[in-house]
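Notes for the one structure printed next.
From a predicted model like this one, the values you see are computed outputs, not experimental measurements.
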Amino acid sequence: MAIPAEARASASPQSLGARERAARFCRRFGLRVPILQAPMAGACPAGLASTVANAGGMGGLGALTSPPDGIANWVREFRDQSNGGFQINLWIPDPAPVRDAEHEREVREFLGQWGPPVPAEAGTPEPFDFAAQCEALLAAAPPVISSIMGLFPEKFIAEIKARGITWFACATTLAEARAAEAAGADAIVAQGSEAGGHRGTFDAAAAERQSVGLFALVPRLADKLSVPIIAAGGIGDARGIAAALTLGASAVQIGTAFLRCPEAGTNAAWADALAELEPEATMPTRAFSG
């Protein structure tokens with residue numbers, strides 16, 4: 001039985017076929033292809049994001065390591081090069097770390113054997129002011145603001161909504177996705193354990209025992225959520241995109257594959273190493289984040 005057009009327009013994305021689901025997402029965000037460039041902090045120059053946007057996808061800025069004026073400058077540079085869509089991502093601040101002064105001293109002494117002495121304050125980096133970064137995002141007024149490692153404060157969510165900005169929330173489990181949807185997220189970035197960047201787990205202590213693969217996560221979220229799902233983690237070609245859309249995603253978010261683009265400015269040695277990297281040649285690490 002045919003479903004009336006007005007009913008299909010209001011239907012949950014997961015009730016639609018893969019092509020129609022992706023087409024609806026593209027119409028909503030002014031895209032020609034359901035592909036988002038992952039907002040990778042330190043690896044997403046405006047030139048890369050604008051190239052993706054000009055090709056019909058959505059560019060992205062990972063603003064974790066960007067001061068407020070850096071965010072404004074990136075947005076200005078992007079808009080000089082593209083009229084396309086983009087997102088800006090912020091990492092929800094981590095709780096204060098548990099410190100072990102004796103262990104830190106041992107690590108500094110070890111590292112000092114291979115280079116200059118490591119000062120005691122090297123283990124106390126000062127993150128940028130999260131509130132100031134949030135204000136910079138509101139001032140930049142991107143089409144989409146996204147979160148990772150948790151949920152934005154309620155006040156900031158309200159300010160996003162009041163300005164007509166869309167909120168994408170990264171989640172690694174059904175419980176996280178449900179919490180984000182309940183808080184007002186307009187779409188969920190379902191991040192599988194294959195993701196080449198930081199895992200967006202809300203609780204770092206639970207990350208190891210909740211390492212869910214993308215193609216197990218997406219259909220579960222599709223069965224339980226009413227907002228669009230954006231699949232992220234281990235997708236690098238058309239086959240992965242087709243599989244994600246078939247399983248219930250409305251779009252995909254790709255990070256590592258874009259690092260080989262000349263616009264990314266990745267060091268040639270690193271870019272070349274990604275060309276034929278086998279899945280078993282990668283491993284999880286705490287060296288950079290939880």
Side-chain angles (χ1 to χ4, degrees), residues 22 25-26 29 31-66 70 73-75 77-89 91 142 144 146 148 168 170 172 189-200 213-215 217-218 230-245 247 249-289:
F25 186 92
C26 288
F29 295 103
L31 310 179
R32 298 194 302 277
V33 291
I35 298 175
L36 287 63
Q37 172 232 318
M40 303 170 285
C44 47
L48 173 62
S50 61
T51 299
V52 172
N54 290 338
M58 181 181 289
L61 165 65
L64 170 67
T65 58
S66 300
N73 291 338
W74 187 97
V75 171
E77 185 178 350
F78 175 92
R79 286 177 168 151
D80 284 344
Q81 301 176 54
S82 177
N83 292 321
F86 65 99
Q87 63 168 308
I88 303 180
N89 177 272
W91 185 332
V144 177
S146 60
I148 191 168
F168 292 170
C170 181
T172 65
V189 179
Q191 189 190 51
S193 59
E194 304 92 334
H198 308 286
R199 291 201 63 221
L214 180 66
F215 290 161
L217 181 62
V218 169
I230 301 162
I235 299 174
D237 60 18
R239 294 170 297 178
I241 295 170
L245 297 179
L247 290 172
S250 294
V252 302
Q253 184 165 279
I254 297 174
T256 302
F258 280 123
L259 294 178
R260 298 195 66 236
C261 298
E263 295 85 357
T266 308
N267 182 283
W270 290 104
D272 292 344
L274 294 171
E276 293 293 335
L277 186 66
E278 300 300 335
E280 62 269 24
T282 64
M283 62 182 291
T285 176
R286 290 193 183 92
F288 296 99
S289 77

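- The main-chain N or O of G200 is found under 3.5 Å from a side-chain atom of Q191 such that the two form a donor-acceptor pair.
- The shortest non-hydrogen separation linking G240 to F215 is O-CZ, 3.9 Å.
- By the 4.5 Å heavy-atom criterion applied to side chains, T51 and C261 are not counted as neighbours.
- N54 places a side-chain N or O within donor-acceptor distance of the main-chain N or O of Q81, the cut-off being under 3.5 Å.
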Task: Test log, rule side chain to side chain contact (heavy atoms under 4.5 Å, CB included), inputs L61 and S66 - done: CA-CA 9 Å; L61 165 65; S66 300; 4.3 Å; yes
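- T256 contributes atom OG1, which lies 11.5 Å from atom CD of E194 (distance to the nearest 0.5 angstrom).
- In plain terms, the two heavy atoms of A190 and L214 that are nearest each other are O-CD1, 3.2 Å.
- Looking only at side-chain heavy atoms (C-beta outward), I35 and V52 stay at 4.5 Å or farther from each other.
- Residues F29 and L36 have side chains not in contact (no heavy-atom distance under 4.5 Å, counting atoms from C-beta outward).
- Taking CG of L64 as the reference point, atom NE2 of H198 lies at 6.5 Å (rounded to 0.5 Å).
- Ring planes of F86 and F78: tilted class, angle from 30 to 60°.
- What you find for A251 and L245 is that their closest heavy atoms are N-CD2, 3.8 Å.
- The distance from atom CG of L31 to atom CE of M58, rounded to the nearest 0.5 Å, is 5.0 Å.
- Under a cut-off of 6.0 angstrom, the local environment of CG in D80 is crowded, with over 12 non-hydrogen atoms contributed by other residues, nucleotides or ligands.
- Two residues are said to be in side-chain contact when any heavy atoms from C-beta on lie closer than 4.5 Å; V75 and I88 meet this criterion.
- The two residues S50 and S82 have their closest heavy-atom pair at CB-CB, 3.8 Å.
- Side chains of I241 and V33 form no contact here, defined as non-hydrogen atoms less than 4.5 Å apart.
- A distance-only check finds no donor-acceptor pair linking the side chain of D272 to the backbone of A275 [under 3.5 Å].
- Nearest heavy-atom pair, W74 versus P45, reported as atom, atom and distance to 0.1 Å: NE1-C, 3.5 Å.
- Scanning all heavy atoms of the two residues, the minimum distance from G192 to L217 falls at N-CD2, 4.4 Å.
- How far CZ of F258 is from OG1 of T266: 12.0 Å, rounded to the nearest 0.5 Å.
- The CG atom of L259 lies 11.5 Å from the CD1 atom of I254; values are rounded to the nearest 0.5 Å.
- Between the CE atom of M40 and the CG atom of L48 there is a distance of 6.0 Å, given to the nearest 0.5 Å.
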